[in-house]
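Each remark here refers to the structure printed beneath this line.
Just so you know, these numbers use all the heavy atoms, side chains as well, and skip hydrogens, waters and symmetry mates. Chain naming here is simple, since letters A, B, ... match the order of the sequence lines and numbering starts at 1 in each.
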Number of protein chains: 2
Amino acid sequence: MVKSEEVIEELKKIVKQKGLKYTEQREIVLNVLLHADDHLTAEEIYNLIKTKRPDSNIGIATVYRALGFLEEVNLITSIAFGADGKKYESNTKDHHDHLICTNCGKIVEFMDDEIEKRQDRIAKKNKFRITSHSMQIYGICASCQ
Amino acid sequence: MVKSEEVIEELKKIVKQKGLKYTEQREIVLNVLLHADDHLTAEEIYNLIKTKRPDSNIGIATVYRALGFLEEVNLITSIAFGADGKKYESNTKDHHDHLICTNCGKIVEFMDDEIEKRQDRIAKKNKFRITSHSMQIYGICASCQ
DNA sequence: TTTACTGCAAACCCTTTGCAATTCG
DNA sequence: CGAATTGCAAAGGGTTTGCAGTAAA
């Protein structure tokens with residue numbers, strides 16, 4: 001687990017390196033995800049910002065643009081499932097996959113070394129240069145059964 | 001691999017059992033997927049029907065409704081990735097996961113027993129009643145490297 | 001000063017819905 | 001006949017874009 005400040009620093013570095021501008025809005029969006037212990041949609045992030053920072057007059061379009069940018073530079077990742085559209089999380093956590101309750105939407109993270117190894121092997125066998133993977137197990141969680 | 005006619009028969013059975021009506025449109029949509037060797041979006045299916053069956057005056061809404069129905073009764077499945085929205089395939093093939101080329105969009109199917117077993121175990125450990133899973137490995141295929 | 005970035009609103013795409021007409025049972 | 005299904009067009013939801021104004025370098 002990486003510290004929030006370090007990630008913010010990294011954002012500053014990336015922005016500078018690309019000759020872009022550092023703005024409060026991008027920082028706020030990243031910060032929300034750094035402190036969320038859940039996967040959030042663009043709209044949820046927007047609403048959170050509206051609530052927690054009523055002074056910052058951010059627009060939903062800016063949230064989308066920031067999310068796109070942050071995902072592009074790999075500071076955050078997204079998964080898409082169901083009808084909720086994309087859900088984002090910060091990319092500072094260790095790699096993991098997702099168990100998703102199709103009833104209440106709850107997401108549990110997990111990680112299995114053997115599965116990871118086998119994925120690499122499968123990609124190699126098919127002559128794919130693997131860049132990432134995404135694995136979701138869908139089911140009904142204990143409290144929804 | 002199951003024969004197309006058998007699946008069509010199954011559709012007839014399901015429809016009758018549910019007290020619904022058997023329509024040519026649902027059959028056409030299912031048939032397109034049974035003969036596709038690729039994963040298709042709703043719009044691709046719609047366009048295919050328009051081309052191959054110019055006489056059938058089907059509407060895009062009907063395609064969506066048919067796809068929803070067919071997925072509900074488990075004759076087809078869908079995966080969502082990238083910006084293309086849901087892609088459908090018939091459910092008569094044996095279970096498999098997907099290797100996806102992020103450059104050309106090519107999809108390679110694979111299956112690994114050990115991964116399947118481990119998924120079941122992980123779900124059990126987290127007290128999830130597993131209903132399905134979806135696993136995609138993203139990378140660059142041989143011909144795109 | 002220059003250029004990227006922003007907020008707003010309109011546009012956009014894909015999907016769903018309301019409805020009158022149609023078809024199946 | 002009665003109910004499910006259809007095609008059409010309009011509505012919907014989520015996301016993107018054009019633009020004039022704003023703010024970072």
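- For the pair A:I58 CD1 and D:dT22 C1', the computed distance is 15 Å after rounding to whole Å.
- In the displayed structure, B:K16 atom NZ is contacted under 6.0 Å by at most 12 heavy atoms of other residues, nucleotides or ligands.
- Side-chain contact annotation: A:E89 with A:H96, donor-acceptor N/O pair under 3.5 Å present.
- When atom types are taken as modelled, the side chain of A:N126 and the backbone of A:F128 share no donor-acceptor pair closer than 3.5 angstrom.
- In the model, B:S4 has no side-chain atom that pairs as donor or acceptor with a side-chain atom of B:E6 under 3.5 Å.
- Under the salt bridge (charged side-chain N to carboxylate O under 4.0 Å, His left out) criterion, the residue pairs touching residues 58-77 of chain A are A:E71-A:K86, with sequence neighbours excluded.
- A:R65 has its CZ atom 13 Å from the P atom of D:dC19, to the nearest Å.
- If you take OH of B:Y46 and C1' of C:dT16, they are 15 Å apart, rounded to a whole angstrom.
- Each of B:G59 and A:E43 was assigned the nucleotide of DNA chain D with the nearest heavy atom; the assignment lying further toward the 5' end belongs to B:G59.
- Annotation: of the two residues near DNA chain D, B:N57 and A:A42, the 5′-most nearest-nucleotide partner is B:N57.
- B:D55 has its CG atom 12 Å from the P atom of D:dG7, to the nearest Å.
- The distance between atom CD of B:E24 and atom C1' of D:dA4, rounded to the nearest whole Å, is 16 Å.
- In this structure, B:I60 reaches neither bases nor backbone, as no heavy-atom distance under 4.0 Å exists between it and the strands shown.
- Cluster annotation: B:V73 and B:L20 are assigned to the same hydrophobic cluster (Ile/Leu/Val/Met/Phe/Trp/Tyr, side-chain heavy-atom contacts under 4.5 Å, transitive).
- In this structure, the CD atom of A:Q17 is 17 Å from the C1' atom of D:dA25, given to the nearest Å.
- Remark: C1' of D:dA4 and CD1 of B:I14 are 17 Å apart, rounded to the nearest angstrom.
- A side-chain donor from one of B:Q119 and B:H133 sits under 3.5 Å from a side-chain acceptor of the other.
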Could you pull out the protein-nucleic contacts involving nucleotides 2-5 of chain C (nitrogen or oxygen on both sides, under 3.5 Å)?
residue	atom	partner	partner atom	Å
C:dT3	O2	A:K21	NZ	2.0
C:dA4	O4'	A:K21	NZ	3.2
C:dC5	OP1	A:K21	N	3.2
C:dC5	OP1	A:R26	NH2	2.1

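- Across the protein-nucleic acid pair, B:I49 atom CD1 and D:dT6 atom C1' stand 13 Å apart, rounded to whole Å.
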